[in-house]
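Have a look at the structure below before the remarks.
Both ligands and their constituent atoms are indexed starting at 1 by order of listing. Values reported hereafter were calculated over all heavy atoms of this structure, with side chains retained and with hydrogens, waters and symmetry mates removed.
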Amino acid sequence: MLSIENLRVVYHDVISVLNGISLNVQDGEILVIIGANGAGKTTLLRSVAGMIDFYDGDIIEGDIKMNGDSIKGLDATDIMKRYGVTYVMEDRPIFWYLTVEENLGAAAFSRWDSRVKPDMEKVYGYFPVLQKLKGRKAGYASGGEQQMLAIGMALMTNPKTLMLDEPSLGLAPIITAELFEIIRQLNASGITVVLVEQNAHAALDIGNRGYVVETGRIVLDGTAQELLANEDVREFYLGSGKKERKSYKDAKRYKRRKRWL
Ligand SMILES: Nc1ncnc2c1ncn2[C@@H]1O[C@H](COP(=O)(O)OP(=O)(O)OP(=O)(O)O)[C@@H](O)[C@H]1O
Ligand SMILES: [Mg+2]
């Protein structure tokens with residue numbers, strides 16, 4: 001189990017972004033984290049992945065534990081190799097000038113075993129389109145294909161826990177549906193998934209539980225079904241609440257009287 005305990009994170013010593021977040025991720029589940037732009041979702045994943053210092057951020061309070069061991073302050077490669085936690089960043093980090101297959105090979109940098117080839121075949125099993133494109137430069141792939149490659153690269157690290165930061169960003173609904181179905185299959189194969197998403201509906205549809213983050217705090221949590229049925233989540237994250245939102249001013253006023261505040 002991954003547990004985040006009262007985490008406080010600041011950037012540049014002064015910009016306070018996470019203000020005491022606590023949450024846990026159970027082995028084998030899909031845990032969904034939703035929240036508006038700037039709520040701190042990416043900061044949370046960067047902190048868990050051991051990458052917060054690359055962004056001039058500091059964990060000033062709290063702890064991050066994997067099965068009881070503190071992983072706070074370990075470097076990113078250690079967290080990946082020793083604890084099996086792999087983070088797929090928001091901006092789909094792939095090598096544009098390498099081929100799709102070379103990208104998959106490069107992602108296996110942290111491994112010494114001889115199973116790289118068979119694991120590549122496994123990735124092609126999940127993402128047949130990557131096999132079709134394996135000899136092509138990754139930079140020519142579409143947004144959806146690049147996202148699949150980014151996840152494929154993460155799979156080459158043999159993750160136990162996969163943290164995905166807005167995988168549906170900029171993708172057409174049909175591609176998102178395809179991608180989320182593959183995420184569901186990866187989870188069914190035993191990989192724990194932490195899914196940060198603005199596309200709350202698609203995420204909660206495949207998720208087991210979820211948390212809502214606002215300004216660096218958890219304001220609500222529950223099973224995916226509970227969150228999908230919650231009036232405020234429907235209003236603000238699913239766009240399907242009962243109340244018609246008439247103007248931004250109304251929305252702000254409504255926001256002030258949300259139950260979780
Ligand atoms: N390196 C940084 N230095 C300073 N401030 C930062 C840095 N990275 C993020 N922030 C700020 O921290 C806040 C939270 O950012 P973060 O990227 O974690 O939010 P988010 O919930 O992932 O948002 P989004 O949905 O837009 O991806 C924002 O106000 C952002 O401007
Ligand atoms: Mg983000």
Are any protein N/O atoms closer than 3.5 Å to the N/O atoms of ligand 1? If there are, list each pair with names and the distance to one decimal place.
unit_1, atom_1, unit_2, atom_2, d
ligand 1, 1 (N), Tyr55, O, 3.1
ligand 1, 3 (N), His12, NE2, 3.1
ligand 1, 8 (N), Arg46, NH1, 3.3
ligand 1, 18 (O), Thr43, N, 2.9
ligand 1, 18 (O), Thr43, OG1, 2.5
ligand 1, 19 (O), Gly40, N, 3.3
ligand 1, 21 (O), Ala39, N, 3.2
ligand 1, 21 (O), Gly40, N, 2.9
ligand 1, 21 (O), Lys41, N, 2.9
ligand 1, 21 (O), Lys41, NZ, 2.8
ligand 1, 22 (O), Thr42, N, 2.9
ligand 1, 22 (O), Thr42, OG1, 2.7
ligand 1, 23 (O), Gly38, N, 2.8
ligand 1, 25 (O), Asn37, ND2, 3.2
ligand 1, 25 (O), Lys41, NZ, 2.7
ligand 1, 25 (O), Glu166, OE2, 3.2
ligand 1, 25 (O), Gln198, NE2, 2.8
ligand 1, 26 (O), Asn37, ND2, 2.9
ligand 1, 27 (O), Glu90, OE2, 2.5

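- Partners of Glu166 according to the side-chain contact (heavy atoms from CB on, under 4.5 Å) rule, which considers only residues two or more places apart in sequence or in another chain, are Lys41, Glu90, Leu169, Val196, Gln198.
- Judged by a 6.0 Å distance limit and a 45° cone about the ring axis, Arg46 is positioned over the six-membered ring of Tyr55.
- Using a 4.5 Å cut-off on side-chain heavy atoms (C-beta onward), Asp63 and Ile71 make no contact.
- Judged by distance alone, the side chains of Asp27 and Thr192 never bring a donor and an acceptor atom under 3.5 Å apart.
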Below 3.5 Å, can you tabulate the donor-acceptor pairs from side chains in residues 149-161 to any protein atom, sequence neighbours excluded?
unit_1, atom_1, unit_2, atom_2, d
Thr157, OG1, Thr86, OG1, 2.7
Thr157, OG1, Ala154, O, 2.6

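- Using modelled atom types and a 3.5 Å distance limit, the side chains of Glu197 and Tyr237 yield no donor-acceptor pair.
- Not one N or O on the side chain of Ser47 forms a donor-acceptor pair closer than 3.5 Å with the backbone of Ile52.
- For the residue pair Gln185 and Asn187, no side-chain donor N or O sits within less than 3.5 Å of a side-chain acceptor on the partner.
- Protein atoms that are N, O or S and lie under 2.8 Å from the Mg ion (ligand 2) are these: Thr42 OG1, Glu90 OE2.
- Residues Ile94 and Leu171 fall within the same hydrophobic cluster, defined by Ile, Leu, Val, Met, Phe, Trp and Tyr side chains chained together at heavy-atom separations under 4.5 Å.
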